[in-house]
Amino acid sequence: MTVRNTMWSSARLGCLFGLMAVPGFEALAALGAAPAAPAGQTVTLKRALAATNGVRTLYSQHERVLGNGTTVREFSRADGVVFAVSWEGPVLPDLNELLGDYFATFMTGVKQERQSAGPGSPLQISRDGLVVRSNGRMRNFFGHAYAPALVPAGVEIKDVLR
């Protein structure tokens with residue numbers, strides 16, 4: 001890799017982390033916490049149902065569109081704990097806020113992933129109880145994160161995050 005490419009890659013990675021570190025005006029949920037209370041925002045609540053000796057709620061989906069146009073979905077168990085989050089839109093949401101206590105694991109995974117896959121490639125992390133998939137570029141970011149140990153019994157994560 002040339003010095004020019006290394007500098008460009010470092011600048012892109014720095015921009016990505018700079019965007020994640022900018023405090024947002026909207027409160028977001030964090031993995032392992034309760035869904036965020038919207039501050040003057042419209043939230044769509046969907047309940048996924050499954051039949052097991054009747055119908056019961058397995059999880060709830062809270063969806064909000066942030067002021068920057070990015071849509072964030074929070075998936076929470078019946079006890080209110082967020083087990084997954086997804087995003088899509090023109091700007092990355094604050095991943096520090098979305099991942100909460102899992103952010104340090106995420107950052108370690110990012111460093112290792114970037115060393116092996118290189119900058120600009122889709123981010124795929126699966127380590128220490130956290131799975132993150134993220135891709136995109138300015139004006140078109142998308143991805144999801146979940147904690148496998150928090151996924152409710154009977155829920156297929158691939159069906160939740162489609």
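- Between Phe106 and Phe103, the ring planes lie tilted relative to each other; the angle falls in the 30° to 60° range.
- At a threshold of 4.5 Å between non-hydrogen side-chain atoms, the residues Arg127 and Gln112 count as touching.
- In plain terms, the two heavy atoms of Val132 and Ala145 that are nearest each other are CG2-CB, 3.8 Å.
- Annotation: side chain of Glu88 is in contact with side chain of Arg73 (closest heavy-atom distance under 4.5 Å).
- Between Thr105 and Thr108 the shortest side-chain heavy-atom distance does not fall below 4.5 Å.
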Only distances under 3.5 Å count here; give the side-chain donor-acceptor pairs of residues 148-162 to other protein atoms, sequence neighbours excluded, each with its distance to 0.1 Å.
residue, atom, partner, partner atom, Å
Arg162, NE, Asp159, O, 2.8

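- Thr71 places none of its side-chain heavy atoms less than 4.5 Å from the side chain of Arg64.
- Hydrophobic clustering (ILVMFWY, side-chain heavy atoms < 4.5 Å, transitive): Leu130 and Phe142 are in distinct clusters.
- A continuous path of hydrophobic side-chain contacts links Met107 to Leu31 [ILVMFWY only; heavy atoms under 4.5 Å].
- Here Tyr59 contributes atom OH and Phe75 contributes atom CZ; the two are 6.5 Å apart, rounded to the nearest 0.5 Å.
- Thr70 places a side-chain N or O within donor-acceptor distance of the main-chain N or O of Val91, the cut-off being under 3.5 Å.
- The nearest pair of heavy atoms linking Tyr102 to Ala147 is OH-CB, 3.6 Å.
- Leu123 and Val85 fall within a single hydrophobic cluster, where Ile, Leu, Val, Met, Phe, Trp and Tyr side chains are chained together by heavy-atom contacts under 4.5 Å.
- Arg133 places a side-chain N or O within 3.5 Å of a backbone atom of Ile125 that can act as its donor or acceptor partner.
- Residues Glu113 and Pro122 come closest through the heavy atom pair OE2-O, 4.0 Å.
- Closest of all the heavy-atom pairs between Ala30 and Val82 is O-CB, 3.6 Å.
- Both Trp87 and Met138 are assigned to one and the same hydrophobic cluster, defined by single-linkage of ILVMFWY side chains at heavy-atom distances under 4.5 Å.
- No more than 12 heavy atoms of other residues, nucleotides or ligands sit less than 6.0 Å from atom CG of Asp101.
- A 4.5 Å side-chain heavy-atom check between Leu66 and Pro93 finds at least one atom pair inside the cut-off.
- Remark: Asp79 pairs with Arg77 by the salt bridge (Lys or Arg N to Asp or Glu O under 4.0 Å) rule, at least two apart or across chains.
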